[in-house]
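Data block below; observations after.
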Amino acid sequence: MPELPEVETIRRGLGRQLPGRTVLRVRVHQPRLRWPVPRRLGREFPGQAIDSVERRGKYLLLRSHAGTVIVHLGMSGSLRLADPQAPRQLHDHVEWLLDDGRCLRLHDPRRFGAVLWTTGDPLTHRLLVHLGPEPLGRSFNAAYLYQRTRNRSASIKSLLMNSRLVVGVGNIYASEALFAAGIHPARAGGRVAHARCARLVIAVKQTLRRAIRAGGTTLKDFADSDGRPGYFRQQLQVYGRADEPCMCCGTPLSQRVIAQRSTFYCRRCQR
DNA sequence: CCCGATTCCTGTAGGC
DNA sequence: TGCCTACAGGAATCGG
């Protein structure tokens with residue numbers, strides 16, 4: 001489900017609500033997520049005040065003095081602040097009871113998400129240590145993208161979605177950014193010239209910034225930490241629009257599987 | 001190292 | 001209505 005704009009939307013919501021709150025108790029109803037929820041979380045996190053809510057790629061970090069909770073939402077995960085009295089829904093797997101009488105709940109039907117606990121520097125955790133630059137940061141620039149794509153035969157789309165190259169760009173925003181840059185998603189990374197890398201970097205940043213401003217994309221069930229949907233769906237140019245006219249030239253948009261995922265593009269505007 | 005395919009899991013939409 | 005298949009916002013892992 002969530003790509004960087006959706007995770008960032010949740011981070012902003014939680015960042016307004018959680019810092020300063022103390023976790024009274026962690027309840028794990030289903031520990032079998034992408035990886036088992038560590039038992040230490042329930043022993044070591046309660047009693048801690050949450051210092052900050054940060055994001056690295058699509059990972060959320062709830063930092064406390066004793067350690068950091070690392071949350072990944074996978075394909076179908078969401079985090080909601082709720083009244084603990086409200087009945088738990090099917091697939092509400094983990095809940096954190098807070099000292100203000102509310103609770104944070106992780107809902108994740110497909111269980112591709114993860115909840116981990118680390119007492120060290122979370123950025124050196126094995127899942128985070130090899131992550132590429134943040135797409136909205138300065139180090140994600142034309143020179144970097146050009147250098148990293150040289151001699152690569154994989155499609156530019158798969159490289160954009162490779163978190164070792166750049167984090168946070170998933171299946172929706174890869175299609176959107178490639179359309180905005182006029183680059184065919186199946187083009188080999190090594191065949192994207194420098195000027196096009198520059199355009200692509202700008203397109204990625206602009207697409208993600210606009211999506212964040214709209215509160216993310218709700219295709220089916222994405223909601224922020226207060227349960228509100230995102231509105232970027234109305235601004236999608238190609239994703240989910242197979243056979244509909246290109247916003248730019250009117251040609252019916254194409255859909256095909258690239259990098260094992262449904263990909264949407266305009267065969268006339270993207271080369 | 002790089003690449004593409006497979007895998008984890010549940011819900012839902014569409015065809016018959 | 002029911003049954004079956006395909007597909008869905010991610011990404012680690014494996015075999016070549």
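Quick note: numbers below take in every heavy atom, side chains included, and nothing from hydrogens, waters or symmetry partners. Chain naming here is simple, since letters A, B, ... match the order of the sequence lines and numbering starts at 1 in each.
Atom NE2 of H130(A) is separated from atom P of dT13(C) by 12 Å (rounded to the nearest Å). Look at CZ on R152(A): it is 9 Å from C1' on dC3(B), rounded to the nearest Å. For H72(A) and dA12(C), the NE2 to C1' distance is 11 Å, given to the nearest whole Å. Atom NE2 in H125(A) sits about 11 Å away from atom P in dA12(C), given to the nearest Å. Spacing between atom CZ of F232(A) and atom P of dG9(C) amounts to 16 Å, rounded to whole angstrom units. We find that CD1 of I172(A) is positioned 13 Å from P of dA11(C), with the value rounded to whole Å. Atoms OH (Y173(A)) and P (dA11(C)) sit 14 Å apart, rounded to a whole Å. Regarding N171(A), its CG atom lies at a distance of 8 Å from the P atom of dA8(C), rounded to whole Å.
The phosphate of dG10(C) has OP1 or OP2 within less than 4.0 Å of a side-chain N or O from R261(A). Note on S262(A): a side-chain N or O is less than 4.0 Å away from OP1 or OP2 of dA8(C).
In this structure, the side chains of R40(A) and T119(A) come closer than 4.5 Å at one or more pairs of heavy atoms. In this structure, R152(A) and N162(A) have side chains that are in contact, with non-hydrogen atoms separated by less than 4.5 Å. Taking the side chain as every heavy atom from C-beta outward, L253(A) and Q237(A) never approach each other to under 4.5 Å.
Here Y59(A) lies in heavy-atom contact (under 4.0 Å) with sugar-phosphate atoms only.
Of the C1' atoms belonging to dC3(B) and dG9(C), the separation is 23 Å, rounded to the nearest Å. A distance of about 24 Å separates the P atoms of dC3(C) and dC9(B), rounded to the whole Å.
Helical stems of DNA chain C (runs of at least 3 Watson-Crick or G-U pairs, donor-acceptor distances under 3.5 Å) are listed by first residue: B:2-8 with C:10-16, B:10-16 with C:2-8.
Side-chain atoms of K58(A) lie closest to dG10(C) of the nucleotides dG10(C), dC2(B), dA12(C). When each of dA11(C), dG9(C), dA12(C) is scored by its nearest atom to the side-chain atoms of L219(A), the top-ranked nucleotide is dG9(C).
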| message | What does the B/S/- profile of nucleotides 6-13 of chain B look like, 5' to 3', with a 4.0 Å heavy-atom cutoff to protein? | response | B-BBBSS-
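In this structure, R150(A) forms a cation-pi arrangement with Y146(A), its terminal cationic atom sitting closer than 6.0 Å to the ring centre and no more than 45° off the ring axis.
Salt-bridge annotation for E95(A) and R25(A): absent, with no side-chain N of the basic residue lying under 4.0 Å from a carboxylate O of the acidic one.
A donor-acceptor distance shorter than 3.5 angstrom exists from the side chain of Q30(A) to the backbone of R32(A), with no hydrogens or angles considered.
Between the side chains of R105(A) and Q89(A), no donor-acceptor pair is found at a separation under 3.5 Å.
A distance of 12.5 Å separates CG of L97(A) from OG1 of T22(A), quoted to the nearest 0.5 Å.
Each of L104(A), V23(A), L14(A) was compared with I50(A) under the side chain to side chain contact (heavy atoms under 4.5 Å, CB included) criterion, and only V23(A) meets it.
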| task | Decide side chain to side chain contact (heavy atoms under 4.5 Å, CB included) for F222(A) and F232(A); before the verdict, give the C-alpha distance in whole Å, the side-chain angles of both, and the deciding distance to 0.1 Å. | result | CA-CA 11 Å; F222(A) 167 74; F232(A) 194 69; over 6 Å; no
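Toward the 5' end of DNA chain C, the nearer of the two residues R126(A) and Y239(A), judged by each one's closest nucleotide, is Y239(A).
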